[in-house]
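Atoms within each ligand, like the ligands themselves, are counted from 1 in listed order.
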Amino acid sequence: MTVTVRFAPSPTGNIHIGNVRTALFNWLYAIRHSGQFVLRFDDTDTARSRQEFADQIAADLEWLGVNPHRVEYQSKRAERHAAAVEKLKQAGLLYPCFETAEELERRRKIRLSRKLPPVYGREALKLNDAEKSDLQAAGRTPHWRFLLPNFAETPFETQRTDVHWNDVVRGPQTVDLASMSDPVLIREDGTYLYTLPSVVDDIDMGVSHVIRGDDHVTNTGAQIAVFEALGATAPAFGHHNLLTTIGGEGLSKRSGALAIKTLREDGYEPMAVASLAALIGTSENVAPAADLAAMAAGFDPAISSKSAAKFDPAELDVLNRQIVHGLDFEAVAARLEASGVDIEDDRAKAFWTMIRANVDKVADAASWWQIVTKEPDTEALLEGEDLEFVRGAFDLLPEGEIGPQTWSDWTTAVKQATGRKGRALFMPLRIAITGRSSGPEIADLLPLLGREGIADRRP
Ligand code: GLU
């Protein structure tokens, strides 16, 4: 069987790290099984869907290395959805309901007080044609429910009807269709809830595996019934755990902080974001993968834990640092240039090799480039004895070429001449040279500065 998966965001906001977890579970599964990945915009909510969000989602996925084999928009498939509605109506499986939210709530309370399950009692099925016409004449427009196949003789006497699926994440699952209300597929205003367009599109697009967050587990039983009512075999399903904030709250498209766009603008590496989004809350160690292809080899969605996982931004920083420390000059040259490093300068490559271990993000290198190429004004940072010490020390800079050995020779000479050692010797010199109290090895920095550059830093 050809594996076809889909990632089906609603383009109503920017996607966040939790959405990316779903996208990656699908992408890695598709790649692992030489399958197809469809990016499907669930944009039937025309009031809230925006093309700019769709474009941003596509750009975010591309940045992460997810390159869909196909892109589809649900809004362009209205005819297919209408045809399915017709088919279900013909079969008597979609019926109009006129209850208001208050009526439904009142009935729910009555059922609960009678110790009955609080499911919809299918009262609308009892309306005859004249009653329906009267309601419509009185200005009531119906919403439409799908008749779940959970009864034998009459829909008013439901019976236990177990639906099984072997979840590719959670293993064997069972839901009883008699324990749920007939789902509303069409709202009063004629717009669809996501179930029907989603099922129709999954059928038409040959989706073999629906992999998504476990907030959809409870929808699956009814969806399988809709697949079958439309004459299709339901795909396989997989439900991974969700990510929450560190405080345990659900992520939402509105909480912009964890939006992929924001993480990208903040200078995080795509593989830091991808590694964490896919591996947090799983049985695997969270470690930076080289690329998505490496992650896909052997990927099994069953690594997902059953409970929600907390997304800790500090973990992202750790992963980012690990990745940045291993990036070579060629991989970062364009970004260094964009952040103000002159990559044509002879020193640029050696500069990056020196500085990468000292930065959390590639763009942080720019301020160090300034330190290397323009002498910092450090006089104000040094005073009294330290200032005198540093001035004297600069006079002891060894003759000859400035190379890897210079720092060690220089500090030995200074130690002999002044008796200073350890931090009291190194720190004032570091401050004089860089203007900062921490940073790269001064031994590596001196050759980049050259004799003149060092002399210029004498306070
Ligand atoms: N558009 C739906 C959502 O974002 C898709 C759910 C699904 O994958 O079936 O929740």
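- A distance-only check finds no donor-acceptor pair linking the side chain of R212 to the backbone of H239 [under 3.5 Å].
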| query | Does the salt bridge (Lys or Arg N to Asp or Glu O under 4.0 Å) test come out yes or no for R80 and D204, once each step is laid out? | reply | CA-CA 9 Å; R80 295 293 301 152; D204 284 358; 2.7 Å; yes

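- Interface of D42 with ligand 1, defined as ligand atoms under 4.0 Å from a residue heavy atom, comprises 1 (N), 2 (C), 5 (C).
- With rounding to the nearest 0.5 Å, the separation of CG in L251 from CZ in F311 is 8.5 Å.
- Considering backbone and side-chain N/O of A8, one or more are found under 3.5 Å from N/O of ligand 1.
- Among Q74, H216, R6, R40, the residue whose heavy atom lies closest to atom 6 (C) of ligand 1 is H216.
- Taking the six-membered ring for Trp and the full ring otherwise, F237 and H209 have centroids separated by 6.0 Å or more.
- Those atoms of ligand 1 with a heavy atom of S10 less than 4.0 angstrom away are 1 (N).
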